[in-house]
Protein chains: 2
Amino acid sequence: MILENGATHFGLGMQVKTEAGRQRTGKLWSNLAEVCDLLRIPAYSSTAYDPDLVFQHVQFKAGQRIHTIGQPFDMLYIVNSGFLKTVLIDELGNEQVLSFPMKGDMFGMDGIHARKYGSEAVALSSCDIIMVPFKVFTALGRKQPELEVALYGVMSRELIREQTMVSMLGSLSAEARVARFLVSLSERFADMGYSGKEFNLRMTRQEIGSYLGLTLETVSRTLSAFNEIGLISVEQRAIGLKDINALRTLRRLPPSRARAKQDAAKAKKAESADLEIAAV
Amino acid sequence: MILENGATHFGLGMQVKTEAGRQRTGKLWSNLAEVCDLLRIPAYSSTAYDPDLVFQHVQFKAGQRIHTIGQPFDMLYIVNSGFLKTVLIDELGNEQVLSFPMKGDMFGMDGIHARKYGSEAVALSSCDIIMVPFKVFTALGRKQPELEVALYGVMSRELIREQTMVSMLGSLSAEARVARFLVSLSERFADMGYSGKEFNLRMTRQEIGSYLGLTLETVSRTLSAFNEIGLISVEQRAIGLKDINALRTLRRLPPSRARAKQDAAKAKKAESADLEIAAV
DNA sequence: CGGCGTGTTGACTACCCTCAACTCGAGTGG
DNA sequence: CCACTCGAGTTGAGGGTAGTCAACACGCCG
């Protein structure tokens with residue numbers, strides 16, 4: 001065990017107090033091989049590793065905060081199961097959703113630079129989170145070079161994910177954003193061994209909207225439109241993908257019922273115009 | 001020198017061939033202390049370091065590419081002087097500007113994960129770039145733990161920067177985005193020892209627009225509006241900030257000349273409405 | 001039961017995009 | 001020297017996308 005305060009991390013069922021002030025019961029430990037597997041680090045040489053090096057799990061219930069903005073940084077977190085969101089709070093108290101971590105994702109990395117977390121992580125469901133003290137994290141990389149590269153790779157993957165988000169927010173229509181969001185969720189569920197075609201959203205329309213730079217109404221309307229066209233089925237949070245390829249390449253909603261509405265509106269405007277002309 | 005192919009990195013004025021296919025002349029080398037200073041790594045213990053460990057500089061002229069998307073990853077880059085942009089190219093060939101690296105910034109980190117660069121870096125002016133082979137980078141961290149933390153910190157800083165961008169793109173008005181962009185440029189120029197009040201933009205309206213998720217026309221109009229209100233002065237690429245605090249906190253443009261136009265439009269609409277009613 | 005959070009849908013509006021014309025300056029070549 | 005092109009930038013007119021405001025339905029829980 002590399003932890004300085006290793007003693008406090010042993011013992012089944014002990015109480016763990018987090019900075020968020022809640023008490024939870026720790027239940028499981030993972031070894032290095034399990035953690036690497038979880039992080040999708042492929043070439044992990046199964047050479048002898050320290051059997052005493054174990055990583056603590058902590059359970060969170062929906063609504064609980066894993067860390068908050070400004071809290072001193074010392075841990076990185078890896079999702080073993082469950083769903084979360086990470087959010088930024090702006091000067092007016094508005095939430096901006098940054099990501100929806102799920103199984104295999106690491107979060108908390110934005111705290112490294114300033115030694116304070118730059119965002120807040122909240123459980124959207126019951127979660128099992130592996131906590132990795134940053135010092136252990138770096139010590140690992142020092143001992144096993146190929147692991148170090150993999151750890152940089154995890155951060156790099158996160159950078160790419162955010163670049164993709166920036167690109168989406170900067171250039172895609174609301175429909176395309178929602179479509180890609182569904183596809184991306186589908187792929188992540190499929191990776192986790194669940195169905196990529198039928199799944200339940202774990203987040204509200206509000207949270208999806210914040211994540212995609214849209215209002216909750218626009219998200220709701222877009223899902224309804226996809227439903228009418230037959231691209232998906234929606235019923236509250238239950239989603240069924242009917243045509244993933246169409247969603248994958250969608251840029252603008254094809255003319256449809258919505259089009260009819262617009263035409264009607266145009267007709268009305270034309271009518272008004274006629275009336276104006278008539279009046280003059 | 002830690003490089004395997006170290007020999008090719010010695011000799012003043014030798015020719016260096018980059019993957020982009022251009023030939024340039026290397027001129028300078030930096031030691032570790034200089035590089036750390038450039039990266040704003042504060043607590044660099046000046047304990048004995050390898051005097052043979054030097055980092056190669058390469059010069060680029062405006063328009064030249066430092067790396068392209070998909071190119072095999074092996075180097076990280078640090079800007080010693082000059083201005084660049086990094087861009088993503090989408091499936092239709094459209095550019096999405098991701099960042100404007102300048103003195104002290106590192107780029108290329110998005111290549112670590114897939115061992116291929118995920119974006120393209122282009123010089124906007126003459127540039128002096130320090131090239132750090134990724135292997136040297138990781139080897140450094142292994143030898144000097146406090147340096148390793150700093151290196152993770154550099155990546156963490158980049159993560160935070162992109163989170164901030166996502167938040168901006170998701171929630172701010174066009175005016176607020178442009179205002180914050182100017183403030184952020186101002187602060188970076190001030191950090192570099194230049195004037196934070198008067199500076200020249202190194203990028204086109206198009207590039208600013210892409211970066212901010214706006215069209216070039218909106219950027220141009222917004223700058224003109226700021227100019228009319230007296231927040232800034234603009235003449236082509238020359239910018240003068242007159243009221244930085246107003247720019248920093250701006251959320252929506254205050255009523256002005258533009259407001260007058262809107263009122264006029266409203267009046268016209270009301271007039272039309274009257275006509276419609278009269279007609280009916 | 002009533003309150004609350006979530007989600008849907010409608011009507012209206014405003015912000016920003018699109019398309020277009022024009023200016024300006026740099027570079028080129030007759 | 002001037003005409004020409006080309007890219008960058010400015011400005012205007014008009015329209016569409018998505019935001020705002022509002023009403024309503026539904027499920028959950030005290």
Side-chain angles (χ1 to χ4, degrees), chain A residues 62-63 94-95 124 169-178 200-210 212-228 233-239 250-270 272-273, chain B residues 62-63 94 124 169-178 200-210 212-228 234-239 251-253 255 257-266 268-270 272-273:
Chain A
N94 302 318
E95 269 194 19
L124 296 177
L169 293 173
S171 63
L172 294 187
S173 69
E175 292 122 24
R177 293 185 210 179
V178 175
N200 287 306
L201 299 174
R202 314 298 162 128
M203 61 293 281
T204 66
R205 303 289 191 263
Q206 169 93 275
E207 287 158 347
I208 297 172
S210 173
L212 297 176
L214 303 170
T215 60
L216 65 96
E217 293 96 330
T218 299
V219 173
S220 177
R221 266 188 259 270
T222 305
L223 290 175
S224 297
F226 287 172
N227 186 37
E228 277 193 34
S233 63
V234 200
E235 195 161 8
Q236 299 290 99
R237 303 216 178 166
I239 300 283
L250 184 142
R251 309 204 138 265
R252 180 108 34 218
L253 211 54
S256 76
R257 191 140 322 196
R259 177 61 144 180
K261 267 190 250 166
Q262 293 202 353
D263 288 347
K266 262 186 198 164
K268 225 170 85 180
K269 270 208 174 173
S272 307
Chain B
N94 302 317
L124 295 178
L169 292 173
S171 63
L172 294 188
S173 69
E175 291 121 25
R177 293 185 208 178
V178 174
N200 287 304
L201 299 174
R202 313 297 162 131
M203 62 293 281
T204 66
R205 304 289 192 262
Q206 169 94 277
E207 286 159 348
I208 297 172
S210 172
L212 297 176
L214 303 171
T215 59
L216 65 95
E217 292 96 331
T218 299
V219 173
S220 176
R221 267 187 258 270
T222 305
L223 290 175
S224 297
F226 287 171
N227 186 37
E228 277 193 35
V234 199
E235 197 161 35
Q236 299 289 99
R237 303 215 177 166
I239 300 283
R251 311 204 137 266
R252 182 116 26 226
L253 211 53
R257 193 142 321 196
R259 178 60 145 185
K261 266 190 250 165
Q262 293 200 353
D263 287 346
K266 263 185 195 163
K268 224 169 85 177
K269 272 211 172 170
S272 306

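In the text below, chain A, chain B and the rest are named by the order of the sequence lines, each starting its count at 1. These numbers come from the heavy atoms of this one structure, side chains and all, not from hydrogens, waters or symmetry mates.
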Do [X] and [Y] have side chains that get closer than 4.5 Å, going by heavy atoms?
X: Arg237(B); Y: Thr204(B); result: yes
X: Val178(B); Y: Leu214(B); result: yes
X: Asn200(A); Y: Ile239(A); result: no
X: Glu235(A); Y: Asn227(A); result: no

Nearest 0.5 Å, what's the [atom1]-[atom2] distance between [X] and [Y]?
X: Leu201(B); Y: Leu223(B); atom1: CG; atom2: CG; value: 7.5 Å
X: Arg221(A); Y: Leu216(A); atom1: CZ; atom2: CG; value: 9.5 Å
X: Ile208(B); Y: Arg202(B); atom1: CD1; atom2: CZ; value: 12.0 Å

task = Look at Ser224(A) and dT9(C) and indicate whether a side-chain polar atom (N or O) is within less than 4.0 Å of OP1 or OP2.
result =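 Affirmative; the distance criterion is met.
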Just how far, in rounded Å, is [atom2] of [N] from [atom1] of [X]?
X: Leu212(A); N: dT17(D); atom1: CG; atom2: C1'; result: 16 Å
X: Asn227(A); N: dT8(C); atom1: CG; atom2: P; result: 9 Å
X: Arg237(A); N: dT6(C); atom1: CZ; atom2: C1'; result: 7 Å
X: Leu223(B); N: dC16(C); atom1: CG; atom2: C1'; result: 15 Å
X: Leu201(A); N: dG7(C); atom1: CG; atom2: P; result: 9 Å
X: Asn200(A); N: dG7(C); atom1: CG; atom2: P; result: 12 Å
X: Glu175(A); N: dG16(D); atom1: CD; atom2: P; result: 14 Å
X: Arg205(B); N: dC24(C); atom1: CZ; atom2: P; result: 16 Å

task = Examine distances only and state if a side-chain atom of Ser173(A) and a backbone atom of Arg251(A) form a donor-acceptor pair shorter than 3.5 Å.
result =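 Flag set: sc Ser173(A) to bb Arg251(A) pair under 3.5 Å.
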request  = Taking only the side-chain heavy atoms of Ser173(B) (C-beta and beyond), determine which of dT8(C), dC16(C), dG9(D) contains the nearest atom.
outcome  =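 So the nucleotide nearest the side chain must be dC16(C).
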query = Val219(B) pairs by side-chain contact (heavy atoms from CB on, under 4.5 Å) with which of Gln206(B), Glu207(B), Arg177(B), Arg205(B)?
reply =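 Output: one option passes, namely Arg205(B).
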remark   = Each nucleotide of nucleotides 19-28 of chain D classed B (base within 4.0 Å of a protein heavy atom), S (only sugar-phosphate) or -, in 5' to 3' order, makes SBB-------
Estimated bend of the helix from dC1(C)-dG30(D) to dG30(C)-dC1(D) (axis per five terminal pairs, rounded to 10 degrees) =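 End-to-end axis angle for the helix from dC1(C)-dG30(D) to dG30(C)-dC1(D): 20°, rounded to 10°.
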